[in-house]
Every structure is written in structure tokens, then in C-alpha cells.
Amino acid sequence: QVQLVESGGGLAQAGGSLRLSCAASGGTNSLYAVGWFRQAPGNEREFVAAIDWTGVSTFYADSVKGRFTISRDNAKNTMWLQMNSLKPEDTAIYYCAARPAYDRSIYLSNYDHWGQGTQVTVSS
């Protein structure tokens, strides 16, 4: 059973940066595609970014494209979300998720394992 733990959230000013980490244990993340999702108060959880198990293929939501970068290091069982040029509308709880598949996915229902989430707050 894969367990995921996010860290790196916090408070940032608009235009600033944060780097989220997601540590995997209880299995190997090298066989899993992973994704980042976020949920703002009153909103549904939405897709942010995803990466395949090789780390080569990535995909981003239009709202974060060009500002966020997803990456992974299978040797360290860790994934990251580098967030630059932050905006107040990026404020949300961010979740990492993993699915036992080669391909990345933008759909929440395709992910089997979820972290507990980390809060990101961007002030204007």
C-alpha cells in the first residue's frame, strides 16, 4: 500500500514561489504515474499537473501552464511541484496522488492513492 505525504505548503505573496514535495513510502513510486490536484474552499478538487512513471511525459492544467513544473526522482521516491509566479487564485489545499500505471491522467477517479494535502495560501 503506497502512502503519500505532502510538504512545502505555506504562505506566499503574489508573484512568489513555493515548492511542494510528495514523499512516497510503502511501495515504489517508480511503477506509478503521479499527479497534483488542488481544492479551494467551496470548489471541487481539480487537476493541476501529472507526470508518467518515467518522468518524461508531463501535462498541465491551462491555469498553471508555464508557471508550475512537476518532476520526480524515482530513486528518492519523491515528487515535486515547483510553483512560480503565484496568484491569489492558486490558494488551495494541494494533494499529490499516485496510480499504478505507466501513463499520467488528469482524472481524479484514476488515482488510487492520495496524500493528506498541504495548504498553499497566496496573498495579493
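Residues: numbered from 1 along the sequence shown.
- Contact between Asp112 and Pro100 at its shortest, heavy atoms only, is OD2-CD, 2.7 Å.
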* **side-chain contact (heavy atoms from CB on, under 4.5 Å) evaluation trace for Asn77 with Tyr32** => CA-CA 10 Å; Asn77 288 338; Tyr32 286 77; over 6 Å; no
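- Within the 4.5 Å cutoff, side-chain heavy atoms of Trp80 are placed close to those of Arg19.
- For the atom pair CE (Met83) and CG (Leu81), the distance works out to 5.5 Å, reported to the nearest 0.5 Å.
- Summarising the local packing, CD of Glu89 is surrounded by more than 12 heavy atoms from other residues, nucleotides or ligands at distances under 6.0 Å.
- For Asp90 and Lys87, the salt-bridge test fails: no basic side-chain N is under 4.0 Å from an acidic carboxylate O.
- In this structure, Cys96 SG and Glu6 CD are separated by 4.0 Å, a value rounded to the nearest 0.5 Å.
- A donor-acceptor pair under 3.5 Å is formed between the side chain of Thr118 and the backbone N or O of Gly9.
- No side-chain heavy atom of Gln119 sits under 4.5 Å from any side-chain heavy atom of Leu11.
- What you find for Ala92 and Ala40 is that their closest heavy atoms are CB-N, 3.8 Å.
- At least one cation-pi condition fails for Arg99 and Trp53: the charged atom is not both under 6.0 angstrom from the six-membered ring centre and inside a 45 degree cone around its axis.
- Phe59 and Ile51 fall into different hydrophobic clusters, where Ile, Leu, Val, Met, Phe, Trp and Tyr residues are linked whenever their side-chain heavy atoms come under 4.5 Å apart, directly or through other members.
- Take Tyr111 and apply the ring-ring contact (aromatic ring centres under 6.0 Å, His included) test, not counting sequence neighbours, and it matches Phe37.
- Contacts of Ala23 classified as side chain to side chain contact (heavy atoms under 4.5 Å, CB included), with partners at least two apart in sequence or in another chain: none.
- Counting heavy atoms from C-beta on, the side chains of Lys76 and Asn74 never come closer than 4.5 Å.
- Between Leu86 and Phe68, the closest side-chain pair of non-hydrogen atoms falls below 4.5 Å.
- By the rule that hydrophobic residues join a cluster once side-chain heavy atoms approach within less than 4.5 Å of another member, Val64 and Trp36 end up as members of one cluster.
- Between Trp114 and Leu4 there is no side-chain heavy-atom pair separated by less than 4.5 Å.
- In this structure, Leu20 and Val120 have side chains that are in contact, with non-hydrogen atoms separated by less than 4.5 Å.
- Both Tyr107 and Phe47 are part of a single hydrophobic cluster, where members link through side-chain heavy atoms under 4.5 Å apart.
- Between the CD atom of Glu44 and the CD atom of Glu46 there is a distance of 9.5 Å, given to the nearest 0.5 Å.
- Ser57 and Asp52 share no donor-acceptor pair across their side chains, judged by distance under 3.5 Å alone.
- Proximity of Gln116 to Val5: side-chain heavy atoms (C-beta onward) are separated by under 4.5 Å at one or more points.
- With hydrogens and angles left out, the side-chain atoms of Asp73 and Thr78 include no donor and acceptor closer than 3.5 Å.
- Nearest approach of Val34 to Met79, heavy atoms of both residues: CG2-CG, 3.5 Å.
- Distance check, rounded to the nearest 0.5 Å: CG of Asn84 to CZ of Arg67 gives 9.0 Å.
- Between Gly117 and Ile93 the shortest heavy-atom distance is CA-CG2, 3.8 Å.
- Nearest heavy atoms, Ala14 versus Ser124: CB-CA, 4.2 Å.
- For the pair Arg38 and Tyr95, the NZ or CZ position fails the cation-pi test of under 6.0 Å to the six-membered ring centre and within 45 degrees of the ring normal.
- Interatomic distance, Asn110 CG to Arg104 CZ, rounded to the nearest 0.5 Å: 12.5 Å.
- Between Ser17 and Gln82, the closest side-chain pair of non-hydrogen atoms falls below 4.5 Å.
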